[in-house]
Participant: 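The structure under discussion is supplied below as structure tokens; questions concerning it will follow.
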Amino acid sequence: MPSVVIAGAGLVGALNACFFAQKGWDVSVYEFRRDIRTMKHVQGRSINLALSQRGKSALEAVGLKEYIVNQGVPLYARLIHNKDGKTYNRQPYGKPGEHIVSINRRHLNEVMITQAEKSPNVKFFFEHKVKSVDYDKKQAEHEEFHVEADLILACDGAYSAVRRSLMTIPRFDFSQEYIEHGYVELNIMANNNEFAFEENVFHLWPRGHFTLIALANRDKTFTVTIFAPFTEFEKHMSTTEDVLSFFEENFPDAYQLLGKEHIADTFNRVKPQSLVSIKCSPHSFFDNLVLMGDAAHAMVPFYGQGMNCGFEDCLVFSETLEEQGNDIANAVQVYSERRVNDAHTINDLAMYNYEELKDLVNRNSYKLRKKFDSIMNSIFPKSWIPLYSMVTFTRIPYSEVIERRKKQDKILSSLLTTTSTFALIGAPHVYFSVMPSVVIAGGGLVGAVNACFFGQRGWKVTVYESRPDPRDSCLEHGKSINLALGCRAIGALELIGLKERVIEMGVPIREKLRYQGKKEGVFEKVQTLNEGDFPGEFIVSVQYILTINRHRLSQLLVSEAVKYNNVKFLFNCKATKFDLNSETLLVETPDGLVTVDGDLILACDGAHSSIRKSLLKVARFNFSQKYCDIGYIDLSVNIQDSRELKLGVHNSWRTDGVILVALVNKNQTLTVSMFANFSVFEEYFSTPEDSVQFFKTKIPVVYGMMGE
Ligand SMILES: Cc1cc2nc3c(=O)[nH]c(=O)nc-3n(C[C@H](O)[C@H](O)[C@H](O)COP(=O)(O)OP(=O)(O)OC[C@H]3O[C@@H](n4cnc5c(N)ncnc54)[C@H](O)[C@@H]3O)c2cc1C
């Protein structure tokens with residue numbers, strides 16, 4: 001088996017040892033400190049760390065995830081403590097159940113060392129300091145002796161000696177930036193063996209240019225960290241008196257629980273520690289050396305990603321090695337190409353997140369965006385994932401995270417522009433490339449309106465319609481010939497710019513006449529429509545109901561939708577099912593069954609929706625359907641003249657259990673709709689002769705206009 005030398009048995013070095021132990025390589029780990037398992041106190045950074053998805057995935061690969069996670073405290077939300085010390089504001093991290101885990105750094109490190117050591121092929125050399133790399137020999141160099149290996153992993157932390165010795169290599173880019181803020185850690189002890197605060201949240205006291213955080217530990221204590229500019233520490237926290245009044249004023253509730261003595265004692269003993277952000281490129285050298293973890297990308301701790309990113313390094317490298325058939329030279333190079341960009345990105349994001357932690361979380365704009373992101377995420381669970389969730393709860397490469405966020409920002413600004421001013425309507429190509437996709441099942445009226453709506457906004461729209469293209473036929477069999485559009489429908493048509501066209505095509509109904517008299521053919525005017533009859537008047541002003549031919553409306557909507565380059569209608573294609581596992585749509589096309597996917601799927605496939613049918617087994621989906629006893633028949637005939645019935649009047653009759661509505665259309669046709677109980681249909685209309693007889697005797701006006 002090949003051999004690997006690991007510099008540093010910190011978090012990343014120890015995890016790498018587990019990975020290579022599992023692969024059966026010969027592993028030698030050189031660690032500068034004593035074995036932490038034998039130490040009473042371990043000097044160093046944060047007592048606890050937030051473990052999230054990337055870290056968990058890496059631990060899972062070496063079989064440690066479950067054990068480690070069970071040793072931690074899950075945190076589901078940020079709890080923001082207001083300055084009054086009494087009120088809070090809770091901001092969940094992600095969807096219900098999504099959480100990070102507060103883990104004890106030392107325990108985690110110890111578990112990984114012990115796990116790696118279980119393999120006979122792994123050796124830890126404690127109190128062995130790696131000094132440098134000898135370029136020519138390509139070996140890690142120990143204080144007293146040289147060590148050789150097929151692969152060298154430099155996991156010796158932010159101040160990496162290995163990295164330092166590479167500084168003079170041509171084209172090695174390096175930057176380090178100390179931020180002006182430092183940190184001091186304190187503790188809140190258990191209160192009667194109970195947590196002094198709520199334990200399953202990340203406690204946060206954002207105060208503008210400084211902030212305090214607290215994470216629970218399994219022993220019911222909290223590790224509390226104050227981050228502030230060094231100038232603030234000097235100005236307000238350099239004497240006992242100052243620091244106590246500073247804490248009392250800014251974090252009154254934490255002040256009570258920390259206790260005066262503990263605060264005073266800590267600030268007397270401990271100086272604020274600095275925070276550094278390090279970027280370098282490449283991460284690999286020669287054909288066998290890789291920098292990983294903080295040695296490659298130390299970052300400020302505000303995204304809780306330093307360790308998670310380092311753990312993901314181990315996983316990505318292991319995956320790359322496998323992918324490259326264990327060819328070390330190739331893997332080393334490919335890994336660096338993959339990882340540098342991601343590391344730079346999370347470094348920058350971590351800097352940005354400090355703004356969030358110390359200030360932005362309190363701002364309305366931040367809260368609004370968080371709310372918006374969460375709504376969008378519930379609609380587009382795959383394509384609109386909030387920034388924090390992408391970083392924390394997924395393994396989407398960091399660089400892709402930022403690209404996705406940019407897209408979201410762009411969409412958001414387009415939406416704001418389109419909804420407020422319609423400025424971008426008509427120019428969808430400007431932002432089409434970044435727009436999401438929508439798949440619409442059903443190209444009927446609602447599907448086609450949706451196609452226009454999303455088409456206009458630049459989305460990539462695909463409509464699957466089981467029937468043929470309505471533009472190819474002049475008659476539609478099926479449902480009602482005429483439709484009555486009220487202000488809600490007209491309002492929607494106005495949104496897609498078709499209100500005027502539709503109004504032009506339709507017939508406004510301003511009057512209703514109902515036949516009520518005993519004497520046949522006598523009408524009584526019962527109602528004239530007026531403004532008050534239209535709730536929702538604010539949406540759009542129409543003072544009538546508009547009747548329109550269903551088929552012509554359908555033709556218009558499809559024709560308008562396909563004018564957008566980004567809209568495609570596929571006719572004779574039936575969406576048959578929504579697959580709950582893959583969250584895709586199955587569509588029967590003339591060429592066979594296909595699976596389609598979109599950022600958004602709209603099921604507009606009508607009352608007998610196949611999509612809805614496939615969702616029936618989804619938990620808590622309530623559904624009921626009830627057929628009523630009433631059926632209907634639509635008739636449409638050409639008429640010679642419409643003297644008897646006028647255009648623009650809704651005429652109705654009620655006789656012998658039959659309701660009959662007649663409307664004159666613009667094209668000299670008469671549309672008659674009859675509604676009756678099925679038993680009535682059987683009684684009066686089971687033969688053509690009976691039907692003629694019914695009209696002749698009961699509704700002679702209509703009979704006269706329609707003819708036998
Ligand atoms: C205040 C604070 C809070 C943080 N919170 C989080 C968090 O919540 N979540 C998160 O993901 N990350 C967090 N981090 C970041 C995280 O601590 C680091 O990213 C992580 O420790 C990096 O692991 P590492 O193994 O690369 O480096 P280290 O943990 O620094 O380990 C390096 C090891 O190398 C050894 N070493 C150094 N030099 C030599 C040498 N010359 N020869 C041999 N051995 C050597 C060291 O003794 C050490 O054991 C936080 C950091 C800070 C400062």
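Here, residue 1 is the first one in the sequence, and each next residue gets the next number. Order of listing sets the numbers, starting from 1, for every ligand and every atom in it.
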Participant: Listing request: all salt bridge (charged side-chain N to carboxylate O under 4.0 Å, His left out) pairs with a residue in residues 214-240, at least two apart in sequence or in separate chains.
Facilitator: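 Salt bridge (charged side-chain N to carboxylate O under 4.0 Å, His left out) check on residues 214-240 returns no pairs.
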Participant: Quick one: look at A50 and ligand 1, take heavy-atom pairs under 4.0 Å, and tell me if it's side chain, backbone, both or neither.
Facilitator: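 The part of A50 near ligand 1 is both the backbone and the side chain.
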Participant: So which of R395, K56, R338 actually passes salt bridge (charged side-chain N to carboxylate O under 4.0 Å, His left out) with E312?
Facilitator: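 In the set R395, K56, R338, the residue that makes a salt bridge (charged side-chain N to carboxylate O under 4.0 Å, His left out) with E312 is R395.
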Participant: Within ligand 1, which atoms have a heavy atom of A161 less than 4.0 Å away?
Facilitator: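 Here the atoms of ligand 1 in question are 41 (N).
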Participant: Can you list the atoms of ligand 1 that are under 4.0 Å from a heavy atom of G157?
Facilitator: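 The list of qualifying atoms is 27 (O), 30 (O), 32 (C).
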Participant: Quick check on A7 - does any of its heavy atoms sit under 4.0 Å from an atom of ligand 1?
Facilitator: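 It does not; every heavy atom stays at 4.0 Å or beyond.
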Participant: Check whether any N or O atom of L11, backbone or side chain, sits under 3.5 Å from an N or O atom of ligand 1, and answer yes or no.
Facilitator: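 For ligand 1, there is an N or O atom that lies under 3.5 Å from one belonging to L11.
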Participant: Return a yes/no value for G293: is any of its N or O atoms, backbone included, closer than 3.5 angstrom to an N or O of ligand 1?
Facilitator: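 No; every N/O pair is 3.5 Å or more apart.
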Participant: Give the atom numbers and elements of ligand 1 that come within less than 4.0 Å of a heavy atom of G306.
Facilitator: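 Counting from 1, the qualifying ligand atoms are 10 (C), 11 (O), 12 (N), 15 (C), 19 (O).
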Participant: If we ignore angles and hydrogens, is there a donor and acceptor under 3.5 Å between the side chains of S281 and D173?
Facilitator: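 No donor-acceptor contact under 3.5 Å links the two side chains.
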Participant: Kindly confirm or rule out an N or O of V130 lying under 3.5 angstrom from an N or O of ligand 1.
Facilitator: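 There is such a contact, yes.
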Participant: Quick check: do F126 and V29 have side-chain heavy atoms less than 4.5 Å from each other?
Facilitator: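 Not in contact.
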Participant: Ignoring angles and geometry beyond distance, decide whether L49 reaches within less than 3.5 Å of ligand 1 through its nitrogen or oxygen atoms.
Facilitator: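 No, since none of the N or O atoms of L49 sits under 3.5 Å from an N or O of ligand 1.
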Participant: Considering the heavy atoms of Y30, write down every atom of ligand 1 situated less than 4.0 Å from one of them.
Facilitator: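 Checking each atom against Y30, I get 43 (C), 44 (N).
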Participant: Taking N or O atoms only and a 3.5 Å limit, does N48 qualify as a polar contact for ligand 1?
Facilitator: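 By distance alone, the answer is no.
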Participant: Measuring from the heavy atoms of H128, does anything fall under 4.0 Å of ligand 1?
Facilitator: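 Yes.
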Participant: Out of D156, V162, N308, who is nearest to atom 38 (N) of ligand 1 when you count heavy atoms only?
Facilitator: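 Nearest heavy atom to atom 38 (N) of ligand 1 lies in D156.
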Participant: Do the side chains of I188 and L258 get nearer than 4.5 Å, heavy atoms only?
Facilitator: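 Yes, at least one pair of side-chain atoms sits under 4.5 Å.
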Participant: For atom 43 (C) of ligand 1, tell me which residue out of F126, F32, F302 has the closest non-hydrogen atom.
Facilitator: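 Answer by nearest heavy atom: F32.
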Participant: Mind checking whether Y183 contacts ligand 1 via backbone (N, CA, C, O), side chain (CB onward), both or neither, at a 4.0 Å heavy-atom cut-off?
Facilitator: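 The part of Y183 near ligand 1 is the side chain, not the backbone.
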Participant: Under a heavy-atom criterion of less than 4.0 Å, does R105 contact ligand 1?
Facilitator: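 Per 4.0 Å heavy-atom rule, R105 contacts ligand 1.
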Participant: Can a side-chain donor-acceptor contact be found between E403 and S399 if the only test is distance below 3.5 angstrom?
Facilitator: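 Result is no, nothing qualifies.
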Participant: Centres of the Y354 and F302 rings: under 6.0 Å?
Facilitator: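 Yes: the rings meet the under 6.0 Å criterion.
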Participant: When you check the side-chain N and O atoms of T223 and N217, is any donor under 3.5 Å from an acceptor?
Facilitator: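 Yes, because at least one side-chain N or O of T223 sits under 3.5 Å from a partner of the opposite role on N217.
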Participant: For the residue pair Y93 and H99, is the inter-centroid distance of their aromatic rings smaller than 6.0 Å?
Facilitator: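 Aromatic pair excluded; centres sit 6.0 Å or further apart.
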Participant: Mark up the atoms of ligand 1 that fall under 4.0 Å of a heavy atom belonging to C155, in ascending order.
Facilitator: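 Atoms satisfying the 4.0 Å criterion: 32 (C), 33 (C), 34 (O).
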Participant: Using a strict threshold of under 4.0 Å (side-chain N to carboxylate O), is an ion pair present between D373 and R405?
Facilitator: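 Yes, charged N to carboxylate O under 4.0 Å.
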Participant: Which is it for S52 and ligand 1 at heavy atoms under 4.0 Å: side chain, backbone, both or neither?
Facilitator: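 For S52, no heavy atom sits under 4.0 Å from ligand 1.
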Participant: Atoms of ligand 1 less than 4.0 Å from P301 heavy atoms?
Facilitator: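 Those atoms are 2 (C), 3 (C), 4 (C), 50 (C), 51 (C), 52 (C).
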Participant: Quiz question: by atom type and distance under 3.5 Å, do the side chains of N187 and H262 form a donor-acceptor pair?
Facilitator: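 No, no side-chain donor-acceptor pair sits under 3.5 Å.
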Participant: Pick whichever of M307, Q273, E31 has a heavy atom sitting closest to atom 12 (N) of ligand 1.
Facilitator: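 Minimum heavy-atom distance to atom 12 (N) of ligand 1 goes to M307.
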Participant: Quick check, are the ring centers of F202 and Y76 under 6.0 angstrom apart?
Facilitator: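 No: the rings miss the under 6.0 Å criterion.
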Participant: By the salt bridge (charged side-chain N to carboxylate O under 4.0 Å, His left out) test, which pairs, at least two apart or in different chains, include something from residues 197-210?
Facilitator: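 Listed once each, the pairs are R90-E198.
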Participant: Look only at interatomic distance and state if K129 has a nitrogen or oxygen under 3.5 Å from any nitrogen or oxygen of ligand 1.
Facilitator: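 No; the residue has no nitrogen or oxygen that sits under 3.5 Å from a nitrogen or oxygen of the ligand.
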Participant: Could you tell me, atom by atom, which parts of ligand 1 come under 4.0 Å of a heavy atom of G8?
Facilitator: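 So the atoms of ligand 1 that pass are 34 (O), 35 (C), 44 (N).
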